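Everything numeric in this text was worked out from a predicted model, so none of it was measured. Below, each value reflects all heavy atoms present in this structure, side chains not excepted, and no hydrogens, waters or symmetry copies.
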Amino acid sequence: MSGPPRTPRDVTSDELAQLIRPHLASGLLAFDVDGVLAPLVGHADDSRLSPDVHDLLSSLAARTTVGIVSGRALESLERLFDFPAELHVIGSHGLEERGAGAAPLDADEQYTFEQLEIIATRGAEAAGDGAWLEYKPASVVLHTREADDDRAGPAVDAVTNLARMIDGAQVTPGSGVVELLARTASKGEALLALAAREGRTPIVYLGDDVTDEDAFAVMGDADVPVRVGPGESAARYRLVDPPAVVELLRALT
């Protein structure tokens with residue numbers, strides 16, 4: 001396993017391509033979206049894939065199994081990014097998958113969702129202008145990237161603390177967001193399930209955020225976990241930014 005947070009080894013796109021290339025025939029190549037395949041933006045609906053990424057992913061999918069594992073709702077992934085049909089697209093941290101969707105909430109989960117919605121709504125009001133709520137099949141997300149930091153910080157802290165007191169809730173922080181889930185989910189579990197179902201090994205996964213650490217933590221010694229951007233991480237390698245990811249894709253095609 002990749003283990004606890006550490007400082008990943010910085011690599012260039014070409015160096016990482018040399019590590020990955022021998023595994024294309026048998027492995028799984030998977031990516032988070034925001035901060036990896038698409039630059040981070042103020043509002044989630046303004047996000048777009050970096051130039052040429054769509055075509056590069058399509059070319060790679062002709063040579064290996066390619067997956068998208070994102071915290072975004074499946075509807076958002078399909079509407080904004082229109083990923084090639086050959087890709088396995090997983091949303092909501094593993095709760096949704098292209099061609100399958102998400103199971104409806106049961107009565108207990110629905111009650112939990114309603115309590116979380118109340119907390120998130122009050123948090124958005126406290127955070128002020130620029131804060132907004134996003135709804136997914138099993139969660140509500142408070143976005144504060146465009147809100148004033150002096151108000152957003154305390155609001156997110158209060159939302160996080162209150163939500164953790166709700167039975168059955170999962171609180172997932174991220175970059176400028178906090179997601180309150182009424183059903184547990186993990187990018188790590190989703191990634192392992194996809195690899196097992198497709199019979200692919202090793203796993204190569206690129207992510208940039210707190211939720212991607214769940215994926216890095218379950219990856220084995222033969223896998224290739226890659227953090228995109230700064231910060232401590234359980235990943236073994238680091239690419240500097242999304243443009244470096246584009247260069248990696250070019251080097252692999």
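Proximity of Ser47 to Arg72: side-chain heavy atoms (C-beta onward) are separated by under 4.5 Å at one or more points. For the pair Pro137 and Glu96, the minimum side-chain heavy-atom distance is below 4.5 Å. Using a 4.5 Å cut-off on side-chain heavy atoms (C-beta onward), Val226 and Leu248 make no contact. For the pair Leu40 and Asp208, the minimum side-chain heavy-atom distance is below 4.5 Å. In this structure the side chain of Leu192 reaches within 4.5 angstrom of the side chain of Ile203, judged on heavy atoms. By the 4.5 Å heavy-atom criterion applied to side chains, Leu249 and Phe31 are counted as neighbours. Tyr237 has its side chain within reach of Leu19: a pair of non-hydrogen atoms, C-beta onward, lies under 4.5 Å apart. Considering only heavy atoms from C-beta on, Leu133 comes within 4.5 Å of Leu142 through its side chain.
The CZ atom of Arg183 sits 7.0 Å away from atom CG of Asp106, with the distance rounded to the nearest 0.5 Å. Residue His23 holds its NE2 atom at 12.5 Å from CG of Leu28, rounded to the nearest 0.5 Å. Rounding to the nearest 0.5 Å gives a distance of 14.0 Å between CZ of Phe83 and NE2 of His88. From Leu162, atom CG reaches atom CD of Gln115 across 11.5 Å, with rounding to the nearest 0.5 Å. Rounding to the nearest 0.5 Å gives a distance of 6.0 Å between OG1 of Thr184 and CD of Gln170. To the nearest 0.5 Å, the span separating CG on Asp32 from CG on Asp212 amounts to 4.0 Å.
Screening residues 130-141 for salt bridge (charged side-chain N to carboxylate O under 4.0 Å, His left out) gives Lys136-Glu179 as the qualifying pairs, with residues at least two apart or on separate chains.
The shortest heavy-atom contact between Ala131 and Thr144 is CB-CG2, 4.5 Å. Contact detail for Leu191 and Ala215: the closest heavy-atom pair is CD2-CB, 4.0 Å. Counting all heavy atoms, side chain and backbone alike, Pro173 lies closest to Val210 at O-CB, 3.6 Å. Between Gly231 and Pro8, the shortest heavy-atom contact is O-CD, 4.1 Å. Looking at every heavy atom in both residues, Leu116 comes nearest to Ala163 through CD2-CB, 3.8 Å. Among all heavy-atom pairs drawn from Pro242 and Val228, the shortest one is N-CG1, 4.0 Å.
The residues Arg79 and Asp45 are annotated as salt-bridged, a charged nitrogen and a carboxylate oxygen being separated by less than 4.0 angstrom. Using a cut-off of 4.0 Å between Lys/Arg side-chain N and Asp/Glu carboxylate O, Glu213 and Arg227 are scored as salt-bridged. Ion pairing between Arg250 and Glu247 holds under the 4.0 Å rule for side-chain N and carboxylate O. A salt bridge links Glu97 with Arg197; the closest basic N to acidic carboxylate O contact falls under 4.0 Å.
With hydrogens and angles disregarded, a donor-acceptor distance shorter than 3.5 Å links the side chain of Arg151 to the backbone of Ala126. Remark: the backbone N or O of Gly220 is paired with a side-chain donor or acceptor of Asp223 at under 3.5 angstrom. Side chain of His54 to main chain of Asp82: a donor-acceptor pair is present (N/O by atom type, distance under 3.5 Å, no hydrogens or angles). Between the side chain of Ser50 and the backbone N or O of Pro243 there is no donor-acceptor pair closer than 3.5 Å. Using modelled atom types, no side-chain atom of Tyr205 and backbone atom of Met219 make a donor-acceptor pair closer than 3.5 Å. Using a distance-only test at 3.5 Å, with no hydrogens or angles considered, a donor-acceptor pair links the side chain of Arg63 to the main chain of Leu252.
The only member of Thr172, Asp214, Thr211 that meets side chain to side chain donor-acceptor pair (under 3.5 Å) when paired with Lys187 is Thr211.
Ring geometry for Phe113 against Tyr135 counts as tilted: the plane angle lies between 30° and 60°, on a 0 to 90° scale.
More than 12 heavy atoms of other residues, nucleotides or ligands shown are found within 6.0 angstrom of CG on Asp46.
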